[in-house]
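For the numbers below, each heavy atom of this structure counts, side chains included, while hydrogens, waters and symmetry mates do not. Throughout, protein chains are lettered first and strands after them, A, B, ... in sequence-line order, and every chain is numbered starting at 1.
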Amino acid sequence: MQLNPEQIDAVRTTSGPLLVLAGAGTGKTRVVTERIAQLIRLGIRPERILAVTFTNKAAREMQQRVAARLGRSTETRPEISTFHSLCVRILRRQIQRLGYPSQFIICDRGDQESIAREVLQKYKTQTSITPGDLVNRISRWKCAAVRSHEALNHLDPDSPSDYIFAMAYGEYQKQLKLRGAVDFDDLLLLTEEVFSKFPEALKAESGRFDHILVDEYQDTNLSQYRIIKALAERHKNLCVVGDDDQAIYAWRGAEVEHILRFGKDWPGTKAVRLIRNYRSTQPILDWANRLIHLNQKRHPKRLISPSGGDPPFIETFEDDDSEAAGVVENIHTRLHTEKGLKPGDIAILFRTNEQPRPFELHLRVRKIPYVVVGGQSFFDRKETRDIISYLKLFHNPNNDLALLRIINTPKRGIGETTIQRLRESASKENISLWKALCAQADQNDKLSQFRAMMDSYSHLLRRQFTVDNVRGFIEAIEYEKEIERLFPGDGERQRRMESLADIVNAVGSYLKDSNEETSLRGFLDQTSLGEPDFGKDKEERLGNAVTLMTLHAAKGLEFREVYMVGMEEGLLPHKRSILDLASSAIEEERRLCYVGVTRAKRRLTLTMAKHRLKWGKMRQSIPSRFLFELTGDIENPTYIKILSGAFDMRSADPKNGSRPRKRR
DNA sequence: CAGAGACTCGAGGAG
DNA sequence: CGAGTCTCTG
């Protein structure tokens with residue numbers, strides 16, 4: 001297909017600041033790819049071009065499309081990476097300036113919570129703060145670029161105990177640094193810090209690129225904004241692409257203002273608007289346009305499409321289980337009656353991760369292949385985290401967190417008392433647990449066995465990081481036997497075995513694709529930054545399965561047929577955003593709904609359940625306000641009641657009341 | 001030291 | 001209701 005005039009305009013603007021406002025389905029990826037190709041055609045060396053995305057998936061996709069577009073015409077490739085992986089690379093070179101080792105560890109969520117637990121113990125707080133609470137609170141500060149010494153100036157007025165978090169934040173940072181570790185948010189914060197404190201570091205890093213491109217710019221948080229600004233300042237060849245109507249990450253610090261004021265930040269900006277939609281039918285876009293039009297804070301625009309079709313469907317079910325049964329039945333019949341429709345063409349989208357369960361159940365009954373994206377992700381699985389912990393230890397045995405995780409997994413008779421002894425000697429002599437373990441190994445058979453195993457595989461995998469060796473090591477620790485022992489049942493066992501296979505596949509795929517040096521550390525870096533690639537086989541299976549995912553995860557994707565389920569007050573918009581006094585909370589939910597609607601190419605179905613099981617209790621639900629807004633039924637008495645707050649979401653809490661009350 | 005059973009407490013989204 | 005933690009027993 002040919003590029004349209006606006007797209008051509010964007011592709012041909014190859015120098016200076018460029019803002020591309022790209023509505024949903026307007027061929028944004030195409031423009032980005034073509035523009036990179038254009039730069040190279042003009043003689044820019046590929047490695048002097050940096051493209052930044054938010055997710056690994058987006059980065060991989062862009063890499064593939066650019067590679068396909070360029071063919072073999074160039075030897076080098078542009079640098080296409082996520083914010084976080086870009087920052088890891090920068091920090092590996094620069095972080096020593098801030099007093100961290102260049103071989104710093106990247107903590108995962110579990111590691112963060114272990115540290116938080118220790119910090120909280122130290123503070124002996126009587127409050128019921130959990131490690132998870134602390135990690136969340138710190139992350140919220142970090143997303144807003146608030147550092148530990150500034151936290152006291154940014155206390156949440158609604159939370160009287162926030163100062164405890166602020167104190168603990170400082171201790172948490174201290175503990176991280178002590179271990180030579182950083183958490184996920186630190187990658188951005190520290191990069192920004194290195195740039196602002198050490199001009200020579202900034203000079204070196206920004207000197208690597210002459211052109212920068214940022215995708216999904218509406219999702220940048222303050223640190224990301226500053227990093228990009230610093231990197232592009234010299235040449236000002238900065239192209240940002242995004243859509244203010246699809247900003248759905250304010251809760252993790254993203255600021256739409258960044259895209260709204262891009263022109264002011266960068267004088268001489270050229271702005272291009274893409275509004276011709278090549279994805280959905282006009283009736284679907286009519287609903288989407290009508291909905292998003294109700295938001296106050298946005299650039300006004302309206303998507304148009306050349307294709308027609310059915311308007312979306314709304315279906316109401318008795319309860320959540322019949323909703324799932326109904327949707328699955330609908331899918332079942334459509335797969336048989338609609339010509340050429342495959343499971344891979346269909347998606348079920350929902351707001352929260354507790355929703356997919358009944359759908360999975362019914363899909364299994366109907367034997368329709370499906371895949372749940374996100375939710376219980378790769379890293380939340382115990383098997384994955386265990387194996388990764390081993391790999392981390394092979395790379396650096398002094399990682400106490402990883403050691404504690406697997407020292408007795410699979411069970412090898414090293415129990416709490418032994419571990420306590422190790423902890424004591426480690427802290428007394430100020431050495432790592434591993435060193436303490438080595439010191440005690442000659443008096444303890446089990447420890448010495450463990451040590452020998454770790455030493456030999458550490459040696460092997462550092463030299464030869466191959467799929468076979470990884471497989472061999474999993475075999476050696478008898479992890480599969482442990483799974484078989486613990487889960488004699490079929491379903492659970494199979495899932496866990498599959499997780500194990502995923503890890504091996506991830507290693508294989510890393511070794512195959514990676515154009516950088518392939519090493520254990522490279523693999524660890526990649527995996528600590530997000531979902532790895534599981535290779536072709538898995539991808540093919542996914543391609544032919546119904547996709548179940550959250551609305552957030554669906555951004556950037558498209559499906560021939562989409563089901564948006566659970567269209568109810570409290571779910572979408574989510575309860576918390578209804579209780580939030582700021583209207584921006586509801587606006588973000590509206591954008592989320594908009595993202596969902598605009599995923600559909602040909603057919604969209606919105607469903608709700610009149611009753612929903614929550615905490616084991618059946619409760620009545622209220623249709624989502626967005627259903628009225630999508631259809632334009634805003635004179636409806638129910639809609640007016642919803643807006644006036646007639647349905648009290650707080651009383652929907654089973655502790656204070658039984659059912660949502662209707663007031664007159 | 002490991003496993004079973006009682007027990008509590010909780011759920012927004014993601015890299 | 002279900003996941004994760006705690007406690008008790010063999």
Side-chain angles (χ1 to χ4, degrees), chain A residues 52-59 81-88 106-110 112-113 117 128 130-133 136 139-140 142-143 183-188 216 219 221 223-224 247-254 320-321 349-355 357-358 373-380 382 407-420 446 482 485-486 492 525-532 549-556 566 570-580 585 588-589 591-593 595-596 612-619 652-655:
Chain A
V52 189
T53 65
F54 276 80
T55 66
N56 289 304
K57 210 167 149 196
S81 67
T82 63
F83 267 106
H84 289 87
S85 60
L86 171 70
C87 288
V88 171
I106 304 165
C107 289
D108 62 26
R109 175 78 194 196
Q112 288 179 276
E113 289 192 7
R117 192 168 295 124
S128 54
T130 66
D133 293 341
N136 285 339
S139 178
R140 251 173 62 215
K142 287 186 175 177
C143 284
D183 68 22
F184 222 75
D185 303 312
D186 282 339
L187 294 173
L188 302 172
E216 306 281 14
D219 290 336
N221 69 23
S223 305
Q224 288 161 336
I248 54 175
Y249 285 107
W251 53 273
R252 59 180 215 211
D320 46 351
D321 187 68
L349 307 181
F350 40 83
R351 177 72 221 304
T352 71
N353 276 319
E354 64 195 322
Q355 286 169 263
R357 226 182 265 268
V373 176
Q376 254 270 340
S377 82
F378 186 64
F379 304 101
D380 297 330
K382 181 177 182 304
I407 190 165
N408 200 28
T409 309
K411 301 265 183 300
R412 52 173 71 89
I414 302 175
E416 208 39 59
T417 33
T418 311
I419 293 170
Q420 206 45 48
K446 300 202 164 122
E482 176 88 346
R485 193 174 62 83
L486 291 170
E492 188 78 348
D525 270 357
Q526 190 199 285
T527 43
S528 63
L529 294 174
E531 199 93 344
M549 62 173 127
T550 62
L551 290 163
H552 283 92
K555 191 162 73 156
L571 273 178
L572 183 68
H574 192 269
K575 187 167 133 191
R576 289 214 194 176
S577 65
I578 297 173
L579 296 176
D580 197 321
E588 177 146 321
E589 297 287 302
R591 290 192 292 267
L592 196 52
C593 185
V595 166
R612 190 168 285 278
L613 198 61
K614 198 160 192 188
W615 276 337
K617 280 210 162 105
M618 203 46 110
R619 295 213 274 92
D653 192 332
K655 279 170 201 153

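A heavy-atom distance below 4.5 Å is not found between the side chains of A:Ile106 and A:His84.
Counting distance only, with no hydrogens placed and no angle test, the side-chain atoms of A:Trp251 and the base atoms of B:dG12 include no donor-acceptor pair under 3.5 Å.
A close approach under 4.0 Å does not occur between any side-chain nitrogen or oxygen of A:Arg252 and OP1 or OP2 of B:dA14. Taking 4.0 angstrom as the limit, A:Asn136 places none of its side-chain polar atoms (N or O) nearer than this to OP1 or OP2 of B:dG12. When the side-chain nitrogen and oxygen atoms of A:Thr417 are compared with OP1 and OP2 of B:dC1, one or more of them lie within a distance under 4.0 Å. At the phosphate of B:dA14, OP1 or OP2 sits under 4.0 Å from a side-chain N or O atom of A:Thr550. Between A:Asn353 and the phosphate of B:dG12, there is no side-chain N or O to OP1/OP2 separation shorter than 4.0 Å. Dashed line: the shortest gap from a side-chain N or O of A:Asn56 to OP1 or OP2 of B:dA14 is not under 4.0 Å.
Using a 4.0 Å heavy-atom distance criterion, A:Asn408 is classed as a sugar-phosphate-only contact. The residue A:Tyr249 sits close only to the backbone: its heavy atoms come under 4.0 Å of sugar-phosphate atoms, none of a base.
You'll find that the side chain of A:Arg576 is closest to B:dG12, out of C:dA3, B:dA14, B:dG12. With B:dG13, B:dA14, B:dG15 as the candidates, the nucleotide lying closest to the side chain of A:Thr55 is B:dG15. Listed candidates were B:dG13, B:dG15, B:dA14. Nearest to the side chain of A:His84 is B:dG15.
Under a 3.5 Å cut-off, the side chain of A:Asp185 and the backbone N or O of A:Cys143 do not form any donor-acceptor pair. Panel note: side chain A:Gln224, backbone A:Asn221; a donor-acceptor pair is recorded below 3.5 Å. Without hydrogens or angle criteria, A:Glu589 side chain to A:His574 main chain gives a donor-acceptor distance under 3.5 Å. A donor-acceptor contact shorter than 3.5 Å links the side chain of A:Arg412 to the backbone of A:Ile407. A donor-acceptor pair under 3.5 Å links the side-chain atoms of A:Asp186 to the main chain of A:Asp183, judged by distance alone. Side-chain atoms of A:Arg591 come within 3.5 Å of backbone atoms of A:Ala247 as a donor-acceptor pair (strictly under, hydrogens ignored).
As rounded to whole Å, 15 Å separates atom C1' of B:dG13 from atom CG of A:Asp580. Between the CG atom of A:Asp185 and the C1' atom of B:dA14 there is a distance of 11 Å, given to the nearest Å. Rounding to whole angstrom units, CG of residue A:Leu571 and P of B:dA11 are separated by 16 Å. Rounded to an integer number of Å, the gap from A:Leu529 CG to B:dA14 P is 18 Å. When the P atom of C:dG2 is taken as reference, atom CD of A:Gln355 falls 16 Å away, rounded to whole Å. The separation between A:Asp133 atom CG and B:dG10 atom C1' is 11 Å, rounded to whole Å. A:Leu579 has its CG atom 15 Å from the C1' atom of B:dA11, to the nearest Å. Going from atom CG of A:Leu551 over to atom P of B:dG12 covers 15 Å, rounded to whole Å.
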Give every pair of a protein N or O atom and an N or O atom of nucleotides 3-7 of chain B that lie under 3.5 Å apart, one pair per line with the distance.
from: B:dG3; atom 1: OP1; to: A:Arg485; atom 2: NH1; distance (Å): 2.4

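Both A:Thr418 and A:Glu589 sit near DNA chain B, but only A:Thr418 has its closest nucleotide nearer the 5' end. Nucleotides of DNA chain B nearest to A:Leu592 and A:Gly415 differ in position, and the one nearer the 5' end is that of A:Gly415.
As rounded to the nearest Å, C:dT5 and B:dG12 have C1' atoms that lie 24 Å from one another.
For A:Tyr249, the ring pair (Phe, Tyr, Trp, His ring centres under 6.0 Å) partners are A:Trp251, A:His552, not counting sequence neighbours. When the ring pair (Phe, Tyr, Trp, His ring centres under 6.0 Å) test is applied to A:Phe350, no partner is found at least two apart in sequence or on another chain.
The aromatic ring of A:His552 does not sit over the base of B:dA14, since the test of centres under 5.5 Å and planes under 30° is not met.
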